[in-house]
Structures are given as C-alpha cells and as structure tokens.
Number of protein chains: 2
Amino acid sequence: MTHSTIRRVAELAGVSIATVSRTLAHPDKVTEATREKVLDAVRQTGFVPNRQAVDFRRRATNNVVLLVRDITNPFYLEIYRGIEELAFANGYSVLMGDAQYDDARVARYIDMVRNRQADGLILMTGWIPASIPEAKLPQTVIALELIDGSVLPTVAIDNRKAARLATEHLLSLGHRRIAHITGPIGMLMSDERHEGYLEALRAADIAPDPALTYLGDYHLGSGQAAIRAFEERRVGFTGLFCSNDEMAVGAINALRGLGKRVPQDVSVVGFDDMDYALSSDPPLTSVRQPRREIGRKAMQMMVDLLAGKPLASRWFEAGVELVVRQSTAPPNPSKTTDLPRTESTKP
Amino acid sequence: MTHSTIRRVAELAGVSIATVSRTLAHPDKVTEATREKVLDAVRQTGFVPNRQAVDFRRRATNNVVLLVRDITNPFYLEIYRGIEELAFANGYSVLMGDAQYDDARVARYIDMVRNRQADGLILMTGWIPASIPEAKLPQTVIALELIDGSVLPTVAIDNRKAARLATEHLLSLGHRRIAHITGPIGMLMSDERHEGYLEALRAADIAPDPALTYLGDYHLGSGQAAIRAFEERRVGFTGLFCSNDEMAVGAINALRGLGKRVPQDVSVVGFDDMDYALSSDPPLTSVRQPRREIGRKAMQMMVDLLAGKPLASRWFEAGVELVVRQSTAPPNPSKTTDLPRTESTKP
DNA sequence: CTGTTAGCGCCTTCAC
DNA sequence: GTGAAGGCGCTAACAG
C-alpha cells in the first residue's frame, strides 16, 4: 500500500487540495461540514502528509543538530535526555553529531544546517574551528561546554561558584589543608573550577599552597597519580576537592591502597554527581549539575530562537547543588596534617 | 548572502540547469569545456545544492532513526559512537529517539520513517508496541536489545555463551560454590545469561543450587541486596557471577562492608566491561561486549539494506571476550564455603 | 469559506 | 552532449 497523496484525499472528499491542506493545518478556517468530509477521506485513505514535501515547501526541517565534543562522555547522557524531551514535545528531532576533536567533522555538521538538513545547532564542543568565524554560524545555542569569548546564547553553570561551594563545604567541616586535583588547565571549565577553589581558601584567610594543587585530566588515572604524587612529596592534607567524580574515585582507591580511610583520614569531594558518586565506597559528596535541566533549557532556547521569539537573556545560568554523602567528615583531631601510617589492605 | 540556486549557476555559466545538475552528479557525462565553465560558476557563487530539494526529489533523506530503550543507559555510549561513525562515513545522519518504555513514543518515532523524515530504523528497545505488527515496520535493523520472536535483521551477542564463559572462568579457578545475581527474569537477555550460568555448572557436573541465584534488576542496589540476602540465609559461596557490572560493584561494596575481601574471600565476575569495571576496587573481571563494533555493524546493515544490497545473513553475532582483572582468584583453601568471619572496616 | 494558481529547488526523461 | 519541460507533494497568496 503506497502512500496516498493530498490529491487523492481531495478527490475522495470532493474538495480542492487547498481545502484538504487547510483542514489539516487550520481546522478552524473551514466549515464544520467540509471538515467532516475531509477528515473522513483522510481516515479512509490513511493519508499522512509527506513531511519531506511539507518541510521543503516551508523551508524548515524541524531538525536540530546536537554537536558534542565526545559522544561517549557519560556526563552528557542526562543532557541528551533533556534535549530529546523538549525536542519531542515541540515537534523537533535531534541529529546526533560527534565532534571527536576534529575540525573537519565540526565543519561538516555545521554545513548540515547550512544545507538545510537542520534548522539549528546546539553546540557542546567547547570550540569551533578557527576557519569558521562565529558570525557565520547558523542559529546556534551553546550548552555546557563554554566557548571562550563567544557571544552566542549560552546555558551553563557558574563553575567558579560551584567549586567554591565544594571547597567551602570542606572548610566548614574544619579542614584547613585542602588539596585540589584540577582538570586540564587551559580549558575554561577547569580554570574556573581551580579559581573557585582558590577563592574559597582566600575568603577563609588561608594562603593557597601550590603544592596542594595537582594537574589532572578528568580521568581515573590522574586521580590515582595525584595521590601517589602527594605521597611521594610528603604533602599532607585532610581535605581533597576533585574537579570531577572520576578523579575522585581514582583518588579514593589510591588512598585506600595507602591504608588511608575516607572520610576518617581524608575527606573527598567530587564534581558532577555522576553514577560514580553513588557507587563508590564510601558514597561520594559531590557537586550536582542539573544536567537534564541544562539540556531542556538549551533546547527551549533553540525552539524560541527558531520561532523568532526574542530571548529573555543570552546567558542562562543553571544552579548547582552540593550533595553531601559519606566521603566527607570533620578532620580527625588526632592526626592533623601528617600522613597516616601506611597499612595496606592488600595481602 | 542568501543561498544561490542552480538557476543562478546556470545563468553564470551560460548553460541550462540540466547541465549544471549533470555536471555535479555525473561529471563524465559532460564536455571538458562545459565542466570547467560550470565548476567555475559554482565556485563563484558558492553554490551548494539544497539538500532538502535534492532529497525531496530523490525521495530519500539519508537520515536514520536510532530508537533506544533508555537514552541514558551508559552502556549505549560506545554503540552511539559506532553508529555515528559509520553513518558519517556513508553520508547518513542519525536521529536520536528515546523510547522511555512508552508505546506512544515508539509509535511516533516509527512514524517518522513512515512519513519520510528518515529512511530507516535501528531498534534498540527490546520491544515494539503490540499495536504495530512487525510486518508493518519500515526498513529496520535490531541491535543488541533482542525482540523475542523477531525475524528482522539483528546484530547482538550470544548472551548464553557469554555467561558460560564467565562462569567457566570461575570454575577453572577451582570455584565450586558459585552464586549468580541475575537481571530481571522475563527479559530475554537476563534469562539467557542465567541459562548460560546453569549450563556451565552442569557441564562441570555441579548441580545448580537455587539458593545461589538472586533475582536482581541490573542496578547497584540489587547487588548490595543480594549479598545481604545471601548473608541472612547463611548461603556460602566463593565465586559470584553478576549479570552486569553495576550489580557487581554493589556486591563488592556490600562484601567489603561484611569484612570480606575480593578476591581473597570471594571472586567476582561482572558483565559488560563498563567504566565501572576499571574504576572499582579491585578492578573487575568482566565479559566485554564489542559495543562499538555492534554499533558499526548495525549501521552497516542499515546502509546495505537501504542500498538494496542483499544481506549476507539476517543474524550477526558479535563475539565477546573475558577480561580478567583483579577481582577473581583461586578460592582460599583455608575457608571452603563458610562465611568468612565478619570484621567490618567501618569504625 | 473555498478553489485556482504559482511555485519551492532540483532531477530526469525526451527530443534535438 | 545539451536544453526544454514536466513534475515530486505540498502550501500560500489571491481571487471569487
């Protein structure tokens, strides 16, 4: 059974194709009687408008390209959900693009909206190729992965404020020697989180000790490496703030390997509140980003943009929240900043 | 600068639009001289064919809907990557659909390919609404999440065989009392894994003890609950096979809480080889599925299907591999099947 | 309120 | 080898 066209419906209903089109698009602009006739014919033929034709005629696709830095980043999962939800609710579809740190890929996905395969672009890459000036981008919304110096509509969190929140939690528990494992420095997001950590210390009249900062890369291994490095250099601390949960888990494992207990010997705070946070032992105190909300908001901005609505603001800040679990506690008064005795649990 | 059309190019080159179209589609069907002229005009105007118009005319979209059971399942991440890679390489785009266990959503995504918004459908839902007979589906490939009784082209692993592999690993280490935490029974995948576990035992002349099977749900909590249940019922074992890594991590945490060491007191094998497996302490022995390959293969089948190529086979089995890490070891000869003494690490 | 008409941008016979 | 012409299926003025 081949698709029936609007023409067939018109014939069957005894009206013109224009009337069929109208009945479907603006049912109120048509007589009760004709509406019945048309709808009846539609039912009989099983007619469904050919979206390709409709879109072609309307010069719109109702597709939006979602271009991410790395499609396999589990952090994005809830954002995917938020974006898809709002897209679905508004009749849009989401085209998945994986940038993979590759300019050519980014360019091709951007071209897809230029070529009218999609109406807009949600960018979660953190960069655009130097060869593509921002002004030449199509309708674009930036989510989460900030692009330095961009003036495009953006939804994200205040990383600096969030890092302060985490550090202040440790401070309020009484910790004074607080270490920090950063993300790759040079990335706006990592820099901001480090700044927030420093700000919190200074606000508490603690002079930041550079020895307490370890340059990580957001991966498990650098969390472990950080602990080993601190140990080798005999750097003592009772609090540890990690710029993401994965490094926090790596750090906790390494601490355990050295016979240190969390939180009795070291309190650990993560960032992102991923599944990691719940499944780690002990469950991790972490900064939660409203990931689904970020996705929803980004898509909402896109919908408004495409509808020609003026944006209330070109910058939307999503709020964060500190989720306190069992990885943080007041410092153990008996052992100040020294390294606890080594006492491996391994055989 | 608005998009230039084929007409403008034709004018500028002093030829007909048909010639322009030909030059671009079949450069060899045109004189050297005219080709030059046309390509020159194309360059000058920056002409790029309007994909919407081309697709409309050709009645193809080069879009494929990827409909998944739950978009936030981290297991899918590498599959997304595989699918996107092959799509990208073949000029296709991937539309992301989240089924969310909701018939209406599934129906709407299926309609998208009926309505010519996409050419095909990759199903990773594990079900289709009863109201939609399989025969009425558009061009479809099933990946990973099997649909019972389906005859559609499918790519997946042999779950039974994989579970045997995991269990046999424990057996070969010398374990005789091996427990199993299952997924939700009734799901084809869970059932098969449980069957594989039983098969392996029987093949080793061990009569399966029903007390050693715990009905889980693939979540962390059921891994913990299982250990508590075994403890309460005084069920002893030295090997544990979990139908996914998340439950394995939950089980390990709970074991640690009871003062049991992994692998000295209990060897644990997981399934899926997720990030969990690497970040857990100790790193988890697990069955790895070639997730990216599964994605690539599914998309390859789709491309072939849409190209009208006959499929070599309607069933493609992806191979699995056991990744041995530190969570498994030979059983401790001194303490057979009894519960080890309880000796909490908590203060 | 309804029908007629004119395309959207491109591809593809069919003559020349 | 090239051009003219006829749509693809639908929407949106514009008249009636």
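Computed from a predicted model, the values in this text were never measured in an experiment. We use all heavy atoms of the structure for the numbers below, so side chains are in, but hydrogens, waters and symmetry mates are not. To find a chain, count down the sequence lines: A is the first, B the second, and so on, and within it residues start at 1.
- Rounded to whole Å, atom C1' of C:dC8 lies 17 Å from atom CG of A:Asn115.
- Rounding to whole angstrom units, CD of residue A:Glu32 and P of C:dT2 are separated by 11 Å.
- To the nearest 0.5 Å, atoms CG (B:Asp40) and OG1 (B:Thr34) are separated by 12.0 Å.
- In this structure, B:Arg116 places its CZ atom 11 Å from P of D:dG9, rounding to the nearest Å.
- Between B:Thr31 and D:dT2 there is a side-chain polar atom (N or O) within less than 4.0 angstrom of OP1 or OP2.
- Looking at heavy-atom distances under 4.0 Å, B:Arg59 makes contact with sugar-phosphate atoms alone, never a base.
- When each of D:dC10, C:dC11, C:dG9 is scored by its nearest atom to the side-chain atoms of B:Arg57, the top-ranked nucleotide is C:dC11.
- Using a 4.0 Å cut-off, some side-chain N or O of B:Thr34 falls inside it from OP1 or OP2 of D:dT2.
- Atom NZ of B:Lys29 and atom C1' of C:dT13 are 12 Å apart (whole Å).
- If you check C:dG9, C:dT12, D:dC14 against the side chain of B:Ala18, the one that comes closest is C:dT12.
- Side-chain contact check for A:Asp98 and A:Gln100: at least one donor-acceptor pair (N or O, by modelled atom type) lies under 3.5 Å.
- The shortest distance between the side-chain N/O atoms of A:Ser21 and the OP1/OP2 oxygens of D:dT11 is below 4.0 Å.
- When only modelled atom types and interatomic distance are considered, A:Gln52 and B:Thr61 share no side-chain donor-acceptor pair under 3.5 Å.
- In this model, the phosphate group of D:dG1 is not approached by any side-chain N or O of B:Thr19 to a distance below 4.0 Å at OP1 or OP2.
- Side-chain proximity of B:Arg22 to the nucleotides D:dT11, C:dC14, C:dG9 is greatest for C:dC14.
- Between the CD atom of B:Gln52 and the P atom of C:dG7 there is a distance of 19 Å, given to the nearest Å.
- Rounded to a whole Å, the CG atom of A:Asn62 is 13 Å from the P atom of D:dT11.
- Regarding B:His26, its NE2 atom lies at a distance of 9 Å from the C1' atom of C:dT12, rounded to whole Å.
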Ignoring hydrogens and angles, write down the donor-acceptor pairs under 3.5 Å from the side chains of residues 300-318 of chain B, residues two or more places apart or on other chains.
| residue | atom | partner | partner atom | Å |
| --- | --- | --- | --- | --- |
| B:Gln300 | NE2 | B:Asp304 | OD1 | 3.2 |
| B:Ser313 | OG | B:Trp315 | N | 3.0 |
| B:Ser313 | OG | B:Trp315 | O | 2.8 |
| B:Arg314 | NE | B:Val151 | O | 3.4 |
| B:Glu317 | OE2 | B:Lys161 | NZ | 2.9 |

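- The distance between atom CD of B:Gln117 and atom P of D:dG9, rounded to the nearest whole Å, is 17 Å.
- Of the residues near DNA chain D, B:Phe56 and B:Gly14, the one whose nearest nucleotide (by heavy atom distance) lies more toward the 5' end is B:Gly14.
- Here the nucleotide nearest the side chain of A:Val15, chosen from D:dC10, D:dA4, C:dG3, is C:dG3.
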Pair up each side-chain donor or acceptor in residues 15-24 of chain A with any protein partner under 3.5 Å, not counting sequence neighbours, and list the distances.
| residue | atom | partner | partner atom | Å |
| --- | --- | --- | --- | --- |
| A:Ser16 | OG | A:Ala18 | N | 3.4 |
| A:Ser16 | OG | A:Thr19 | N | 3.3 |
| A:Ser16 | OG | A:Thr19 | OG1 | 3.3 |
| A:Thr23 | OG1 | A:Thr19 | O | 2.5 |

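- In this structure, the nucleotide among D:dG9, C:dG9, C:dG3 sitting nearest to the side chain of A:Thr5 is D:dG9.
- A donor and an acceptor atom never sit less than 3.5 Å apart when one is taken from the side chain of B:Arg8 and the other from the base of C:dG9.
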